[in-house]
Amino acid sequence: MKFYMKQKVFSWVDKFSIYDEYENEAYWVEGEVFSIGKKLDLFDSNNQHKAHIHQKVFSFMPRYFININGEDVAEVVKKFTLFSHQFNVTGYDWNVEGDFLAHEYEIFRGDYLIATISKEWFSWGDTYSIDIVDGVDPVPIISVVLIIDAILAQSNSGIHISFNI
């Protein structure tokens with residue numbers, strides 16, 4: 001399955017549209033305006049809530065949770081490194097590897113590649129191509145991509161604790 005995630009540029013909150021390979025809107029994402037820490041909600045094309053993403057605000061390293069059906073099912077933590085970005089996804093036992101500065105990375109379950117992510121360099125708003133292996137649920141993969149985008153945006157701005165007001 002292939003998806004394309006595009007960030008809406010002129011918005012008070014974080015907003016993304018996620019399209020399938022046939023250019024149909026499959027999912028959409030909206031952030032909360034008044035919140036302590038970043039919070040995002042993922043909906044499908046039928047407006048059914050699929051996931052809630054929330055940041056643990058006071059944490060040494062950036063830490064986010066993926067909540068599906070009212071339960072935290074995974075935690076994404078940026079590892080402490082000096083010159084690179086590395087992420088662990090506990091709950092799904094995934095590793096995220098690649099060149100985050102070049103916006104090219106992959107998600108593995110053990111040695112098995114389950115998704116490839118690439119960010120377009122010259123686009124109006126952040127635009128990602130997400131290629132997911134058939135049979136893998138796209139909701140947690142898209143959630144991880146949203147979290148990594150948030151962490152990298154915060155690290156590029158020098159802000160490590162997010163207060164969205």
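The residues of the chain are indexed from 1 along the displayed sequence. Source: prediction; values computed, not measured.
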Sorted by chain and residue number, the side-chain hydrogen bond (donor to acceptor under 3.5 Å, both in side chains) partners of S118 (sequence neighbours excluded) come out as E104
Taken in chain and number order and not counting sequence neighbours, the residues that satisfy side-chain hydrogen bond (donor to acceptor under 3.5 Å, both in side chains) with W28 are N47
Where do N88 and N95 land on the side chain to side chain contact (heavy atoms under 4.5 Å, CB included) test, with the steps shown first? CA-CA 5 Å; N88 276 344; N95 288 316; 3.1 Å; yes
D41 meets the side chain to side chain contact (heavy atoms under 4.5 Å, CB included) criterion, sequence neighbours left out, with E32, F43, H49, H52
Between the CD1 atom in I53 and the NZ atom in K39, the distance rounded to the nearest 0.5 Å is 13.0 Å
Heavy atoms of F65 and K56 approach each other most closely as CE1-CB, 3.8 Å
Query raised in the report: Run the side chain to side chain contact (heavy atoms under 4.5 Å, CB included) check on I18 and L42 step by step: do they pass?
Result: CA-CA 10 Å; I18 297 121; L42 176 65; 4.0 Å; yes
**Study point:** Validation row: E97, E106 side chains within 4.5 angstrom (heavy atoms)
**Key:** no
When rounded to the nearest 0.5 Å, the distance separating CD of Q7 from OG of S17 is 10.5 Å
Residue set satisfying side-chain hydrogen bond (donor to acceptor under 3.5 Å, both in side chains) with D72, at least two apart, ordered chain then number -> N67
OH of Y19 to OG1 of T127, rounded to nearest 0.5 Å, is 10.0 Å
Residues E25 and S45: closest non-hydrogen pair is O-CB, 3.2 Å
Cluster membership besides F108, Ile/Leu/Val/Met/Phe/Trp/Tyr side chains within less than 4.5 angstrom, sorted by chain and number, is L113
> Quick one: do Y105 and Y112 end up in the same hydrophobic cluster if we chain Ile, Leu, Val, Met, Phe, Trp and Tyr together by side-chain heavy atoms under 4.5 Å apart?
Replying inline: yes
What one should report as the nearest heavy-atom pair of Y92 and W94 is O-CD1, 3.0 Å
Salt bridge (charged side-chain N to carboxylate O under 4.0 Å, His left out) filter on D44, not counting sequence neighbours, yields K50
By salt bridge (charged side-chain N to carboxylate O under 4.0 Å, His left out), E75 pairs with (sequence neighbours left out) R63
Open item on the list: Let me check something: do V73 and V77 share a hydrophobic cluster, defined by ILVMFWY side-chain heavy atoms less than 4.5 Å apart, either directly or through other members?
Closed with: no
message: Atom CG of residue position N24 - does it have more than 12 heavy atoms of other residues, nucleotides or ligands inside 6.0 Å?
response: yes
Could you go through residues 130-149 and list every donor-acceptor pair under 3.5 Å that involves a side-chain atom there, pairing it with any protein atom two or more places apart or in another chain?
| residue | atom | partner | partner atom | Å |
| --- | --- | --- | --- | --- |
| D134 | OD1 | M1 | N | 3.2 |
| D137 | OD1 | V139 | N | 3.2 |
| S143 | OG | V139 | O | 2.8 |
| D149 | OD1 | Y128 | OH | 2.6 |

**Study point:** Exam field: side chain Q55 to backbone K38, donor-acceptor pair closer than 3.5 Å
**Key:** yes
